[in-house]
Amino acid sequence: MKRRDFVAAAAALPLAGMRLPTRRLPRTPDPVIPPAPVARPFDLARVRLKPGPFLDAMQVNRRFLMGLEPDRLLHTFRLTAGLPTTAEPLGGWESPDCELRGHFTGHYLSACALMSASLGDAAVKARGDLMVAELARCQQTPGNGYLSAFPEELFDRLRAGRPVWAPFYTLHKIMAGLLDMHTLAGNAQALDVLKRMAAWTAGWCQPLGDAAMARVLEREYGGMNELLYNLSAATGTAWYAELAHRFDHERFFGPLAGGRDELKGLHVNTNIPKIIGAARRWELTGEARYHDVADYFWHEVTSRRAYCTGGTSNGEGWNAEPGALAGELSAETQECCTSYNMLKLTRHVFGWTADAAAADYYERLLWNGVLGTQHPADGDKLYYVPLASGYWKLFGTPLHDFWCCTGTGSESAAKFGDSIWFHDDDGVWVAQFIASELDWQEKGVRLVQDTRFPAVAGTAITVRTARPTRFALRVRVPGWTSGGGAALDGRALDGFAAPGGWFVLDRVWHDGDRLEVALPMALHLAPMPDDATVQAVMYGPLVLVGKLGSDGITDQNRRAEPTRPGRVPEFHDQPPAVPTLRARGADPAAWIQRVSAADQPPEFRTSGQERDVALVPFHTLYDERYAVYWKFAG
Ligand SMILES: [Zn+2]
């Protein structure tokens with residue numbers, strides 16, 4: 001079901017005219033000892049990206065964010081609060097008549113907070129601070145803690161079961177943005193505003209009985225549970241967690257807790273954020289049921305509902321049985337919000353186990369599903385990543401989209417320093433091969449990762465320390481490599497970890513020590529689980545796409561047309577016929593040759609095909625038709 005169908009479907013919710021019983025307080029569950037994480041992420045401010053594709057993308061996003069005018073982002077908030085405003089309204093899903101208006105302003109707060117921490121950027125922080133101060137003014141007018149760009153009447157409709165888009169989804173973005181401004185950018189006012197919003201939320205939910213609340217949860221509500229668990233953790237206040245629990249969607253969790261995939265027919269991005277909330281409940285309370293929900297969901301989606309890119313969803317839904325993906329290729333696959341949320345969830349799952357497979361998945365989705373979803377020219381974002389052949393990346397029109405994915409994309413490209421490094425008391429994990437410098441303050445150590453990955457297949461870590469320090473340096477040995485090795489200060493080391501594990505060097509480190517790790521990459525094919533004649537070409541973790549030219553792409557259709565509220569970007573174009581490929585031998589290297597120099601970004605070309613094609617990493621291709629999956633003949 002697509003977004004545009006939701007408003008109509010809302011009318012069918014069976015809430016109208018219901019008398020709402022006063023709710024009894026639930027029994028607080030017996031306390032369980034929360035689990036200790038295996039691997040803890042570092043604060044974003046401790047990691048600085050070094051030159052490379054991720055820092056480039058973050059700088060593009062910085063220009064995109066700073067180019068947006070605060071008065072326009074605040075316009076509908078001020079209108080709703082009855083404050084004077086003369087700003088020109090934004091378009092798309094931020095139009096004054098869109099029931100999701102204000103959602104992007106929430107993402108904007110998060111993006112400013114993430115970006116200011118990532119870059120140590122005072123101007124971005126000042127922008128976020130200004131937004132918080134102005135939103136605080138808007139909150140003063142109703143005086144009951146409510147803060148939104150639309151009136152409370154939308155929540156009345158939600159309570160009454162009348163048609164409305166997704167009020168709590170929108171509120172979640174604003175509340176999460178405020179919490180990010182507090183925790184990442186040190187803004188105390190943001191926490192005050194957020195506490196008032198949480199109090200308003202508690203007051204709204206309080207009269208609803210569990211049955212009425214369960215019906216409210218049938219409407220998309222973002223990550224309200226996750227946000228409130230995070231607020232509870234940030235403030236040490238237990239009742240926020242009780243309020244969070246009211247947003248735990250038990251009807252959705254039940255089958256997952258029992259190890260059953262009943263995801264078919266569900267809207268994907270409505271549901272992943274609820275799972276992140278379950279993950280947070282497990283981390284804060286130790287209730288095993290919530291671990292099981294999140295753990296089963298993560299394994300199921302990443303192993304049986306994900307494409308070669310790591311992404312999931314078609315037409316925003318899970319439309320088929322698990323493992324049935326060959327029939328799920330379209331121009332509307334892999335909504336970018338779902339990739340943003342799967343990365344968030346994977347970060348938690350990795351922290352529970354330090355399982356290299358979770359970091360492998362993170363890498364695959366980060367490179368193939370997130371990095372290339374922002375246009376390098378102006379920073380506008382992608383909604384879907386088409387995985388049917390012959391389409392192109394249909395980016396938004398600046399100031400006229402503000403889709404959900406414009407918001408999550410703005411956050412994704414503000415936190416590329418995240419999840420590269422993790423630690424425990426004894427050492428660090430190098431989970432991603434991204435040029436960066438880590439300030440490991442607890443140990444008084446700096447670790448510098450120099451890499452031109454994937455142009456060069458490997459990485460190098462240099463230790464900077466004032467005094468000799470013992471710790472374990474653990475470098476991921478991905479499942480896609482074979483025959484790698486390591487060298488310390490230029491001398492080859494004996495033994496290397498098997499693919500899918502960690503190369504660990506636990507020793508006393510001295511200033512200037514340098515560990516070099518080679519991780520050879522090879523071409524391989526990724527067949528569809530349910531149709532081995534449909535395959536993608538990969539190089540290490542990278543999806544290689546075939547360049548199909550730009551015939552028929554014009555200035556009129558290169559970007560999505562300005563989007564009305566609730567509408568999604570659409571192609572008005574029949575893709576051209578795409579050549580089939582013929583595998584010549586088991587090793588794709590027999591018919592696909594690298595054409596770029598060994599130290600340059602990897603580019604390839606097929607040979608001996610009816611029509612040969614150039615193959616390039618998916619994240620590097622823009623404004624051109626492509627094929628990810630190919631029909632293989634013979
Ligand atoms: Zn989206």
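Here the CD-SG distance, from E411 to C112, works out to 10.5 Å after rounding to the nearest 0.5 Å. Interatomic distance, T373 OG1 to L371 CG, rounded to the nearest 0.5 Å: 7.5 Å. Note: T170 OG1 to F150 CZ = 4.5 Å, rounded to the nearest 0.5 Å. Between E242 atom CD and T237 atom OG1 the span is 11.0 Å, to the nearest 0.5 Å. Taking CZ of F402 as the start and CG of D380 as the end, the distance is 8.0 Å to the nearest 0.5 Å. The distance from the CD1 atom of I276 to the CZ atom of R347 is 11.0 Å, given to the nearest 0.5 Å.
Using a cut-off of 4.0 Å between Lys/Arg side-chain N and Asp/Glu carboxylate O, R46 and E437 are scored as not salt-bridged. Comment: E283 engages R280 in a salt bridge, judged by a side-chain N to carboxylate O separation of less than 4.0 angstrom. Between K274 and D248 no salt bridge is recorded (no basic side-chain N to carboxylate O distance below 4.0 Å). Using a cutoff of 4.0 Å between basic side-chain nitrogens and carboxylate oxygens, R48 and D439 are not scored as salt-bridged. Between D192 and R196, no side-chain nitrogen of the basic residue sits less than 4.0 Å from a carboxylate oxygen of the acidic one, so the salt-bridge criterion is not met. Salt bridge annotation for D425-R40: present, with a cationic side-chain nitrogen under 4.0 angstrom from a carboxylate oxygen.
Taking both residues in full, the closest heavy atoms of A123 and R62 are given as CB-NH2, 3.7 Å, listed atom of the first, atom of the second, then distance. Minimum interatomic distance between M181 and A190 (heavy atoms only, all atoms of both residues): CB-CB, 3.9 Å. Among all heavy-atom pairs drawn from L44 and G417, the shortest one is CD1-C, 3.9 Å. Taking both residues in full, the closest heavy atoms of F104 and T406 are given as CE1-O, 3.7 Å, listed atom of the first, atom of the second, then distance. Minimum heavy-atom separation, E332 to V568: OE2-CG2, 4.2 Å. In terms of heavy-atom proximity, V293 sits nearest to A257 at CG2-CB, 3.7 Å.
Although no hydrogens or angles enter the test, the distance criterion places no donor-acceptor pair under 3.5 Å between the side chain of K50 and the main chain of I434. Checking side-chain atoms of S232 against main-chain N and O of L228 turns up no donor-acceptor pair under 3.5 Å. Under the 3.5 Å distance criterion, the side-chain polar atoms of E94 are matched with a main-chain donor or acceptor of G102. Between the S412 side chain and the T408 main chain, a donor and an acceptor come within less than 3.5 Å of each other.
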Quiz prompt | side chain to side chain contact (heavy atoms under 4.5 Å, CB included) assessment of S95 paired with R101 | solution = CA-CA 6 Å; S95 301; R101 63 189 181 272; over 6 Å; no

Self-check item: F42 vs W440, side chain to side chain contact (heavy atoms under 4.5 Å, CB included): CA-CA, chis, key distance, verdict
Solution: CA-CA 8 Å; F42 284 95; W440 191 11; 3.3 Å; yes

Quiz prompt | Test log, rule salt bridge (Lys or Arg N to Asp or Glu O under 4.0 Å), inputs D210 and R246 | solution = CA-CA 8 Å; D210 289 341; R246 299 217 71 199; 3.3 Å; yes

Quiz prompt | H375 and D378: CA distance, side-chain angles, deciding distance, side-chain hydrogen bond (donor to acceptor under 3.5 Å, both in side chains) verdict | solution = CA-CA 6 Å; H375 200 287; D378 55 23; 4.5 Å; no

Exercise. Go through the steps for D97 and R564 under the test salt bridge (Lys or Arg N to Asp or Glu O under 4.0 Å), then give the verdict.
Key: CA-CA 10 Å; D97 60 345; R564 290 294 307 146; 2.9 Å; yes

Quiz prompt | Steps toward side chain to side chain contact (heavy atoms under 4.5 Å, CB included) verdict (R159, W204) | solution = CA-CA 9 Å; R159 187 192 290 112; W204 192 89; 2.8 Å; yes

Practice problem: Just do the side chain to side chain contact (heavy atoms under 4.5 Å, CB included) check on Q139 and Y146 with the steps written out, would you? | Solution: CA-CA 6 Å; Q139 191 184 37; Y146 184 74; over 6 Å; no

Quiz item: Stepwise, does the salt bridge (Lys or Arg N to Asp or Glu O under 4.0 Å) test hold for R215 with E218?
Solution: CA-CA 5 Å; R215 284 181 193 147; E218 294 299 320; over 6 Å; no

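Here the side chains of V268 and N341 are not in contact, with every heavy-atom distance at 4.5 Å or above. Between E99 and R157, some side-chain heavy-atom pair lies under the 4.5 Å cut-off. Side-chain contact between Q189 and D129 is absent, with no heavy-atom pair separated by less than 4.5 Å. Within the 4.5 Å cutoff, the side chain of F252 has heavy atoms near those of the I275 side chain. At a threshold of 4.5 Å between non-hydrogen side-chain atoms, the residues F422 and F350 count as touching. Considering only heavy atoms from C-beta on, V301 stays 4.5 Å or farther from I272 through its side chain. Looking at V370 and Y340, their side chains never come closer than 4.5 Å, going by heavy atoms from C-beta outward. Under the 4.5 Å side-chain criterion, counting only non-hydrogen atoms from C-beta, S436 is not in contact with F54.
Note: W352 and H291 have tilted aromatic rings, judged against thresholds of 30 and 60 degrees for the angle between ring planes. Relative orientation of the F168 and W200 rings is tilted, given thresholds of 30° and 60° on the angle between their planes.
When only modelled atom types and interatomic distance are considered, H103 and K173 share no side-chain donor-acceptor pair under 3.5 Å. For the residue pair H400 / T397, no side-chain donor-acceptor distance below 3.5 Å is found, with atom types taken as modelled. With 3.5 Å as the limit, one finds no donor-acceptor pair spanning the side chains of N225 and R281. For N271 and E220, the side-chain atoms include no donor-acceptor pair closer than 3.5 Å. Judged purely by distance below 3.5 Å, without hydrogens or angles, the side chains of R127 and Y108 pair a donor atom with an acceptor atom. Between the side chains of W318 and S313, not a single donor N or O lies within less than 3.5 Å of an accepting N or O. With no hydrogens or angles considered, a side-chain donor-acceptor pair links H75 and T85 at under 3.5 Å. With 3.5 Å as the limit, one finds a donor-acceptor pair spanning the side chains of Y383 and E316. For the residue pair T563/W93, the side-chain donor-acceptor check at 3.5 Å is not satisfied.
Counting only residues at least two apart or in different chains, ring pair (Phe, Tyr, Trp, His ring centres under 6.0 Å) contacts with residues 211-232 comprise Y221-F247.
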Side chains of residues 65-73: which donor-acceptor pairs under 3.5 Å do they make with residues two or more places apart or in other chains?
unit_1 : atom_1 : unit_2 : atom_2 : d
D71    : OD1    : R78    : NH1    : 2.9
R72    : NE     : E88    : O      : 2.9
R72    : NH2    : P89    : O      : 3.1

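For the pair K381 and F395, the cation-pi test (distance below 6.0 Å, angle within 45°) is failed.
Take K344 and apply the salt bridge (Lys or Arg N to Asp or Glu O under 4.0 Å) test, not counting sequence neighbours, and it matches E226.
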